[in-house]
Amino acid sequence: MSAKLRHRAPAIEVPPALPAEEAARIAYANDQGLTSHHFTPGEHPIVRIEHLNKSFDDTLVLKDVNLNVWPGEVVVVLGPSGSGKSTMLRCINLLETPSAGHILIEDDEITNKSSAEVNKLRRDVGMVFQQFNLFPHLTAKENVMIGQTKVLKRSKEEAEAEALKQLAAVGLADRADFKPAQLSGGQQQRVAIARAVAMHPNVLLFDEPTSALDPELVRGVLDVMRDLAENSGMTMIVVTHEMGFARDVADRVVFMEDGVVVEQGLPEKVFDNPENARTAEFLGSIN
Amino acid sequence: MTSMNRRNFVATLGIAGTALLAGCNGSEEATQTTDDAQTTDDSAEEASYTLVKEGVLTNVAELGFSPFEYIDEDGNTVGFDVDLSNAIAEKMGLTCEWLPNQAFDTLVPTIKQGGKADISIAGVTITDERLEDVDFSDPYLNSNQALIVAASSDYATEDLDAEDIQIACQTGTTGDAWIQENLPNATRVPLADVTAGMMGVSTGSYQAMVIDLPVAQNMLAQSFSDLTILEEIPTGEQYGIAVSYDNPGLKDAINAALAEIESDGTMDELKQKWFGTTDI
Amino acid sequence: MQHRRGALLVALALALTGVFATTLAVPQPAQALTTEKATARPNEDGGDGVIGGLDTRLTWEGTVEPGEEVTSVTLTLPEGSTFDGSTTRITALEGLKRMDVTGEAAPAGESITVSFDQPVPEGSLLRLEITNMQFPSEGGECVVSGTYVSGGETHDLTASKPIETIANTPLQSIVNWLDEQPWVEAWNSNQFLGMFLKPQLLVTSFSSLAPGWILCLGIVVAAYPFAIALGLLFAMLKISKWRILRAVAVIYINVLRGTPLFLQIYIMFFGLPMLNINIDNNILGIIVMAINSSAYLAEIFRAGIQSIPQGQYEAASSLGMNYVQTMFTIILPQTVRRVIPTVTSDFITAFKDTSLLSSVGVMELMMFSKNLTTVSGNITPYVAAGIFYLIVTLPLIKVVSIVEENIARSERGGGPRPKRRADVADNAAAQIAAQSKEVAADVC
């Protein structure tokens with residue numbers, strides 16, 4: 001993964017990250033009215049993205065992205081393909097290395113960490129992939145257990161109990177001993193969600209979790225995500241094309257295009273009353 | 001054709017074995033007419049044998065047995081046996097060809113089976129066991145065995161009859177049998193290739209090797225100066241030319257040619273050339 | 001020189017006179033003919049024993065003392081031996097020089113009398129090689145004694161050192177039984193069948209090739225774990241981020257894959273002793289096979305590892321696993337399944353390649369069959385060796401195809417499903433989950 005860093009990134013100058021208190025104050029002021037999530041003065045954003053730039057070879061795919069995510073907030077990122085939304089998500093758990101800028105999780109800068117620290121960071125940031133990426137040689141239960149036992153060093157019994165609990169939560173208790181190949185795509189994705197949730201991350205990232213699914217299987221996955229959003233209080237950043245989900249579940253919708261955050265705000269505001277012409281055009285084309 | 005002067009003998013040698021399968025008869029009058037009246041001396045048997053290939057005496061041998069048959073630096077098959085087979089072929093009004101190298105232990109079965117080669121001139125000792133499978137011409141050369149060790153070693157022959165001693169030999173040779181019978185406690189290592197055995201003794205993989213004395217003398221002088229002949233084993237064995245029992249006429253014709261080669265001095269010339277002496 | 005069976009009557013007469021003369025003549029203290037040695041050729045197929053009741057060759061050597069000449073020699077073996085039907089080869093040497101001595105051999109039961117056409121001169125080494133004689137079938141120590149005639153008088157020969165012989169083996173009895181069967185004779189009269197599938201030789205081959213077969217298996221089975229470990233190591237080196245490690249792996253793999261195993265065997269067997277490293281041949285065989293296979297396995301493993309999708313690494317990373325954890329718990333277990341067919345194929349190749357070790361004298365299957373073929377002048381032992389190889393390779397080939405089928409099926413997602421765990425499905429949590437999420441939609 002990290003071996004492909006030989007591209008010549010154009011040197012981008014960005015200011016240093018803001019001090020935590022100042023950043024929290026500014027974020028509090030800025031985000032008022034942009035999200036239906038309730039946050040309080042003095043509270044700090046759990047994820048803070050400042051001046052994030054990312055280029056692949058000579059192509060700049062993220063251009064000075066700034067975004068705050070509050071603890072417990074559900075943020076849905078929309079945008080046409082190639083807009084950089086997946087890249088931004090992958091930067092948050094360092095599956096992609098930012099070219100410039102800052103990502104802070106709980107006010108902790110993550111862009112300059114050693115690989116051991118990165119591994120530590122990632123256990124707090126869960127990820128659900130478009131292609132599920134279940135481990136095909138392990139059963140559903142073992143998929144959910146392996147991170148717990150290997151990374152969190154939970155005992156086998158503890159991990160198994162947690163796994164069964166999470167599988168039940170996604171409605172797959174009866175599939176615990178099935179191998180991924182024996183499950184439908186929707187079931188696999190729900191196992192993947194259980195796997196991520198079982199790590200008790202602070203932030204859960206969803207990278208187009210339903211894009212690879214047959215239409216009839218999408219709903220089950222969305223239901224699980226909706227349940228998580230409404231009942232667990234988990235901080236979620238979701239990249240998706242599911243407008244209905246965004247409208248119903250999101251505290252805030254972020255619209256990205258061409259590597260830039262074009263517009264963000266309350267779902268009803270962005271959907272019904274977009275300020276930006278491009279947003280309106282995109283939403284129009286979808287709806 | 002009946003007598004051969006020195007000059008055309010040398011010419012024969014020059015052309016001998018220019019390639020593995022090259023015909024090697026240098027005299028222009030020896031065309032492929034076996035039933036011709038040219039070879040008057042032994043015309044009685046002329047038509048009474050069959051050949052694998054018309055007009056060609058096909059020979060099979062293990063080609064790592066210098067100075068009898070080996071491949072020289074230029075890739076030619078040369079040696080005492082090669083010259084002898086050329087001379088025999090010439091006497092018979094044939095040309096001769098050599099098949100590609102074959103392991104020694106496959107030579108007798110090859111002749112027995114027939115179809116591939118007419119004869120095997122390959123330093124094959126006439127033994128009663130082999131006579132059960134193939135016929136032999138009259139003996140053409142006497143030979144003995146040699147027990148070879150590294151020059152730096154201080155073995156006596158008796159020391160070699162021990163289990164931790166590995167003695168190399170060429171598979172299926174009389175030397176192979178000699179080890180089994182005379183050094184029964186040693187570990188016998190039968191190999192396809194004489195050079196491999198000598199190399200093994202030289203590097204210390206094996207402690208000794210038993211091989212025909214003329215070959216030992218030749219190869220030690222040529223390339224294995226770090227080896228020495230510990231014992232010359234008097235076996236008095238005799239090399240013969242292996243022929244199929246199904247082809248008695250061929251054996252007779254070869255014997256006639258051999259007799260002629262003995263009597264006209266060709267044999268002595270060959271011995272002088274390859275062994276530096278006629279007293280062998 | 002080669003004399004086939006003399007007339008029986010003459011033989012008997014000679015033997016009788018020989019025995020008669022022996023009993024009467026008083027042996028002279030000074031011997032004219034001294035026994036040097038008597039040996040017998042091993043006739044145990046694939047072994048080195050001399051079996052009684054089975055054709056073998058007796059070699060007797062004696063020296064004619066100065067001032068003496070020998071005109072006839074009679075050799076006598078213990079009762080139960082037989083020279084009947086034997087042939088005798090006479091060699092007389094002065095030093096290394098062969099002399100022209102011919103003679104007539106008259107076998108008579110346990111004695112054989114060789115009369116020379118001209119006296120064997122003084123100082124010569126006389127060798128008699130008597131082929132197709134038999135020792136007593138009960139085995140035991142056989143002393144060669146006898147008499148000789150020198151200057152018209154008969155004297156006793158000094159007895160030889162005893163020749164160790166063993167009783168006929170059960171296996172040999174089977175062979176003897178086969179020898180007598182008419183169908184075997186008919187079978188063998190077909191030149192092809194007799195040359196490639198001679199029943200007697202098949203029987204002896206199977207028994208005498210077995211140790212070679214076991215050794216082949218032993219070598220490759222012992223070598224393979226090391227090959228796998230080494231292969232894995234070099235596979236990891238080859239995909240390492242460090243250029244130097246990659247270079248080391250590339251050189252190792254390419255040199256070993258790019259040169260014949262034969263050459264590697266030669267270098268190891270002749271090279272190591274030169275460095276004063278002396279290792280047992282079989283161990284050396286294991287080492288060569290392990291190193292050779294490791295290069296092939298390294299490539300197989302590397303390809304297997306690189307065939308695992310990037311998503312697997314990302315999923316493992318996203319759980320916080322480090323490189324070692326990812327490799328050993330996620331990537332390699334999947335690699336193993338994918339490479340089993342190729343690795344098994346390589347194992348089969350390695351198993352067959354042990355035959356090359358015969359070139360340096362490891363007593364493996366081909367070596368034994370070569371020996372047997374040499375002794376018998378028959379191809380059957382090679383056919384038997386082929387059958388031994390197939391005993392191992394055929395089941396493995398089957399294993400490969402089964403595993404390949406399974407992998408193909410599981411990658412299609414159509415693998416067999418475990419029994420539905422109804423008890424779990426019915427438990428409360430699942431029901432609640434099912435109710436709240438309407439999962440029925442995608443149950444398949």
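Reminder, nothing fancy here: chain letters follow the sequence lines and each chain counts from 1. Worth saying up front: this structure is predicted, and the values here are computed from it rather than measured.
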How about C:Met363 and B:Thr187: do any of their side-chain heavy atoms sit closer than 4.5 Å? no

Taking every heavy-atom pair that is under 4.5 Å apart, which of C:Ala40, C:Ser359, C:Ala92 has the most such pairs with chain B? C:Ala40

From the list C:Val360, C:Leu125, C:Asn276, the residue making the most non-hydrogen contacts under 4.5 Å with chain B is C:Val360

Please flag which part of B:Tyr206 lies under 4.5 Å from any non-hydrogen atom of chain C: side chain, backbone, both or neither. side chain

Atom group of C:Asn281 that falls short of 4.5 Å from chain B, counting heavy atoms: side chain

Mind checking the CG-CG spacing from B:Asp105 to C:Leu372? Nearest 0.5 Å is all I need. 11.5 Å

Mind checking whether B:Leu213 and C:Leu96 have side chains closer than 4.5 Å, heavy atoms only? yes

Residue pair C:Gly95 / B:Pro234: nearest heavy atoms and the distance that separates them: O-CB, 3.5 Å

Side chain to side chain, C:Arg89 and B:Ile126, heavy atoms closer than 4.5 Å: yes

Is there a side-chain contact between C:Lys97 and B:Asp279 in this structure, where contact means two heavy atoms from C-beta onward sitting under 4.5 Å apart? yes

Around atom CD of B:Gln272, are there more than 12 heavy atoms of other residues, nucleotides or ligands at under 6.0 Å? yes

Heavy-atom pair of closest approach, residues B:Asp128 and C:Thr131: CB-OG1, 3.3 Å

Select one option (side chain, backbone, both, neither) describing which atoms of B:Gln166 are under 4.5 Å from chain C's heavy atoms. side chain

Residue part contacting chain B, namely of C:Tyr382, when any heavy atom lies under 4.5 Å: side chain

Note: B:Ser205 and C:Phe269 closest approach over all heavy atoms is OG-O, 2.5 Å

Would you mind telling me which of B:Val189, B:Val108, B:Val134 has the largest number of heavy-atom pairs within less than 4.5 Å of chain C? B:Val189

At what distance, to the nearest 0.5 angstrom, does CZ of C:Arg41 lie from CG of B:Asn182? 11.5 Å

Paired with C:Arg98, the side chain to side chain contact (heavy atoms under 4.5 Å, CB included) test is passed by just one of B:Thr235, B:Asn144, B:Asn142, namely B:Asn142

Part of C:Asn132 within contact of chain B (heavy atom distance under 4.5 Å): side chain

I'd like to know if C:Arg57 pairs up with B:Glu181 as an ion pair, taking the criterion as any Lys NZ or Arg NE/NH1/NH2 lying under 4.0 Å from an Asp or Glu carboxylate oxygen. yes

Contacting region of C:Thr59 [heavy-atom separation from chain B under 4.5 Å]: both

Interface moiety of C:Leu93 toward chain B, non-hydrogen atoms closer than 4.5 Å: side chain

Chain C interface, residue from B:Glu129, B:Met199, B:Glu232 that has the most non-hydrogen pairs under 4.5 Å: B:Glu129

Region of C:Met367 that comes under 4.5 Å of a non-hydrogen atom in chain B: side chain

Heavy atoms from other residues, nucleotides or ligands near CD of C:Glu94 exceed 12 (cutoff 6.0 Å): no

Below 4.5 Å from any heavy atom of chain B, which atoms of C:Val362 appear? Answer side chain, backbone, both or neither. neither

Considering all heavy atoms, the nearest C:Phe270-B:Ala196 contact: CZ-O, 3.5 Å

Are more than 12 heavy atoms, taken from residues, nucleotides or ligands other than C:Asp280, located less than 6.0 Å from that residue's CG atom? yes

Under 4.5 Å from any heavy atom of chain B, what part of C:Thr91 do you find: side chain, backbone, both or neither? side chain

Does any backbone or side-chain atom of B:Pro190 lie under 4.5 Å from a heavy atom of chain C? Answer side chain, backbone, both or neither. both

Which bit of B:Ile233 is near chain C, if near means a heavy-atom gap under 4.5 Å: side chain, backbone, both or neither? backbone

Heavy-atom proximity to chain B below 4.5 Å, by part of C:Arg127: side chain

